[in-house]
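Reviewing the structure listed below.
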Amino acid sequence: MTVKVGIPRALLYYYFYPQWLSFFQHLDVEPVVSHRTTRGLLEKGLRSTVDEACLPVKLAVGHVLDLKDRVDYLFLPRLVSMARREYICPKFLGFPDMVRNTIDHLPPVIDINLDLYHKRSNAYNFFQTLGKMFTKNPARIYLAYRASCQAHGNYCKELESGALPGELKTLANSNGKNGGMADITIAVIGHPYNIYDRFISMDMIKRLFESGVNVVTADHLADSVIRQEAGKLPKQLFWTLNQRMIGAAYHYFNDPEIHGLIHVASFGCGPDSMTGELIERFARSRSTKPLLVLTLDEHTGEAGIVTRLEAFLDMVRWRRNLADVAATL
Amino acid sequence: MIVTYPHMGYMWICVKAMLEYLGVEVALPPPTTKKTLLLGVKHGPEFACMPLKLNLGNFMEAAELGADTMVMAGGCGPCRFGYYAQVEHAILQDLGYRYDLVVLEPPEKHIGELLGKIRQITGNRSWRQVIKGINFGYKKAWAVDDLERMAHYTRPRELFHGATDRAFKTALAEIVAVRQPEELPAARERAMAIMQNVEIDEHRQVVRVGIVGEIYTLLEPFANMDIEKKLGEMGVEVDRSIFLSEWINDHLFMGFGRNVRSSKEALKKAVAYLGHFVGGHGLETVGNTILYAEKGYDGVLQVLPFTCMPEIVAQSILPRVSQDLGIPVMTLIVDEQSGEAGLITRLEAFVDLLARKKRFREGLA
Ligand code: SF4
Ligand code: SF4
């Protein structure tokens, strides 16, 4: 019987799943991904976390609960750092322990550190330790690692050429454009686990598609572009995801093909509170593009979000038409 | 150049001593009040943690006193503090304040940068003098901390209500007034004597509570709504897990100081529950809770600002620690809307519980 490893469809699942899936499959381990987010799944997470935690952490706990009774291992790697001298967020550092100390009767938790903070650290250490749990054969681990890197590389390339992660993939056509129907392009800026989770984002990206909007995100930009833009900050940001967000925001503010930006933040998110402020300041002082800021928590009502989205799109279109008319004068 | 820096409890005493000893002109922000908070809330990011808002208010109020150079500590994450200075400076600039910003970043890459920044503030003083100045500040912090510890002891035992607070104020003034390092030991003696003169009932039964949590809210009475005083008056002897001098010793002197409590012990303890540092004092919070339980304290109080990330990690873990070690833990989250009335009710209920448990235990013994 193959070993089943549970992967919560949460947090950096959206970034790493092709790589993780490929690695496990090459070692004949069966990855089991938790179900799609639903109200019920979220409610479970809410009941098992402290009120003060941010929505993404509560949701991730819901996904853990969804998995815990049907897998042999829970895959909750401690994502310390994805890049040199950067972290993701304190809660990522403590997540496996938050889970372990709040939920009883868990299967064994795999909480190996992925830590690329230091110069000499590399991702192979992580996969090597992980692989050793399932095979004694180092060559197999190495090959699985190579294959997983390939999968990750392909995934990044796909995203850069406009695809969307996960289930959203089918929405956009190959170059990410919304058929011939779209008349405006909006950049959606936010943590991947907020904007790509269809329940949490209230299906924002699909709604935008249906309203005739092209959607771009930080993941459609090359890492070098993002880093160059984020390099304009007075001090380098030490949160990888928020650096991506702010770099992308700066880029899209200056991109003439983008008509407006939506910043999706988590209520109570530490990094978002800081970079959100910088993005808003930039929008006010150095850009004429409309910016919509949406802060999500478990009480956010769908109706309110839809109304605000519609009003925002009206404004973006109005401005755009105005600009077109002005150009002919 | 007129230098200012934000408040954090009695930190101003130590930093002012150091800077003025080196001939730097200082404009201290007025004491943090409701008005400071309102300024910070109005102009700061809505979801920023509370220390940022209070810092911002401090800088705005200090500008009115002529300050033109703001000094802040830096950091390399993962918690927000490492980016405070930049965000605060950007906000102040947009508001039209003309502040020069000096950020003292921890010397991770090379120490030269930090030394350069210190030069920027202290001008052409010799390094020998700079080190003497730093040491002077440290010694003051140490003296203040000792006075605070004495107040923690006497407050729940004082015979006359308010005696501790009055003595503490006079004793503190002795330390503040010292301008030369040579005069500090004598002043310290006088201050200690003042505290020793507080009349107490040594045999009074007191409840002992360890206070853990985020450093700013632990050290700044305005932010924690004077929790130490409130608990003291309810007959609680508190022990605070973080003191400024200990922090300086751990972080600036790399734990070289002798006879100083260090956070290392707490960090070792925490590993059983939290396998990685999480920024801020999250790991210390978990470790110190364990230490307090082992030392036989009656309870632990965790204090944190709303949305503080490292402390939320710790908060998620503390119920398990509390259960395993049988020590009651209460979490107090402060933000700009925190009210006094609700706090007192909660504290009283907690202290009541601890006192009852204690009587029960002692009845058994
Ligand atoms: S980055 Fe923000 S949203 Fe993500 S886990 Fe940390 S606090 Fe929560
Ligand atoms: S420790 Fe908490 S309150 Fe302090 S800066 Fe970090 S997140 Fe904010």
Side-chain angles (χ1 to χ4, degrees), chain A residues 48-54 57-58 61 78-81 85-104 109 111 113 115 117 233-240 242 265-282 284-285 293 295, chain B residues 43-49 52 74-91 93-94 101 103 105 108-109 270-280 282-283 286 304-321 323-324 331 333 335:
Chain A
S48 302
T49 38
V50 294
D51 277 350
E52 285 69 26
C54 53
V57 162
K58 292 172 176 167
V61 170
R78 195 191 301 278
L79 302 172
V80 176
S81 165
R85 297 177 62 81
E86 289 173 18
Y87 296 103
I88 302 170
C89 157
K91 289 176 198 164
F92 276 79
L93 292 170
F95 185 67
D97 302 290
M98 290 166 87
V99 169
R100 194 180 285 123
N101 287 297
T102 38
I103 300 173
D104 293 321
V109 171
D111 65 348
N113 292 2
D115 186 352
Y117 192 89
L233 288 166
K235 170 181 177 177
Q236 199 207 330
L237 269 178
F238 38 68
W239 303 300
T240 304
N242 286 77
S266 287
F267 179 80
C269 169
D272 282 358
S273 71
M274 304 293 270
T275 52
E277 177 75 12
L278 296 173
I279 292 175
E280 280 182 60
R281 276 180 193 276
F282 189 94
R284 249 177 282 153
S285 61
V293 179
T295 305
Chain B
H43 300 288
E46 186 181 356
F47 298 114
C49 35
L52 186 145
C76 19
C79 111
R80 275 175 274 191
F81 185 75
Y83 221 75
Y84 264 27
Q86 286 71 20
V87 170
E88 288 166 6
H89 191 238
I91 295 171
Q93 263 187 326
D94 283 357
L101 172 67
V103 190
E105 293 287 354
E108 212 182 280
K109 264 187 277 183
V271 176
Y273 291 90
L274 179 54
H276 201 279
F277 91 97
V278 292
L283 201 52
V286 174
L304 62 138
F306 186 56
T307 76
C308 169
M309 303 181 282
E311 293 299 328
I312 288 175
V313 175
Q315 186 198 355
S316 312
I317 293 170
L318 287 186
R320 179 61 57 91
V321 179
Q323 198 184 19
D324 288 355
T331 295
I333 297 161
D335 73 355

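Values reported hereafter were calculated over all heavy atoms of this structure, with side chains retained and with hydrogens, waters and symmetry mates removed. Labels below follow one simple rule: chain letters A, B, ... track the order of the sequence lines, proteins then strands, and each chain is numbered from 1.
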Side chain / backbone / both / neither for B:Leu318 at chain A, heavy atoms under 4.5 Å: neither
Chain A contact via B:Phe306 - side chain, backbone, both or neither, heavy atoms under 4.5 Å: side chain
Working to the nearest 0.5 angstrom, can you tell me the gap between A:Trp239 CH2 and B:Arg80 CZ? 7.0 Å
Report which part of [X] has an atom under 4.5 Å of a heavy atom belonging to chain B: side chain, backbone, both, or neither.
X: A:Arg100; answer: backbone
X: A:Pro96; answer: neither
X: A:Thr295; answer: side chain
X: A:Phe95; answer: neither

When you compare the side chain of A:Glu280 with that of B:Pro45, does any pair of heavy atoms fall below 4.5 Å? no
Would you say A:Leu278 and B:Tyr83 make side-chain contact, with heavy atoms under 4.5 Å? yes
For B:Ser316, does its backbone N or O pair with a side-chain atom of A:Asn101 as donor and acceptor, under 3.5 Å? no
Please determine, among [options], the option with the most heavy-atom pairs under 4.5 Å with chain A.
options: B:Cys49, B:Gly279, B:Gly74, B:Gly82; result: B:Gly82
options: B:Glu46, B:Gln86, B:Glu311; result: B:Gln86
options: B:Ile317, B:Thr307, B:Leu283; result: B:Ile317
options: B:Val87, B:Leu274, B:Asp324; result: B:Leu274

Test side chain to side chain contact (heavy atoms under 4.5 Å, CB included) applied to B:Gln93 - qualifying residues, sequence neighbours left out: B:His89
Pick from A:Lys91, A:Met274, A:Lys235: which one has the most heavy-atom pairs with chain B under 4.5 Å? A:Lys235
With respect to chain B, which residue among A:Ile88, A:Val80, A:Asp272, A:Asp111 yields the maximal number of heavy-atom pairs within a distance under 4.5 Å? A:Val80
So, for [X] and [Y], which heavy atoms are closest and what is the spacing to 0.1 Å?
X: A:Pro90; Y: B:Pro310; value: CB-N, 4.2 Å
X: A:Met98; Y: B:Ile312; value: CE-O, 4.3 Å
X: A:Ser273; Y: B:Phe47; value: CB-O, 3.3 Å
X: B:Gly275; Y: A:Arg78; value: CA-NH2, 3.6 Å
X: B:Cys76; Y: A:Tyr87; value: O-CE1, 3.4 Å
X: A:Arg281; Y: B:His43; value: NH2-O, 3.8 Å

Side chain to side chain contact (heavy atoms under 4.5 Å, CB included) with B:Arg320: of A:Thr102, A:Asp97, A:Asp104, only one passes, and it is A:Asp104
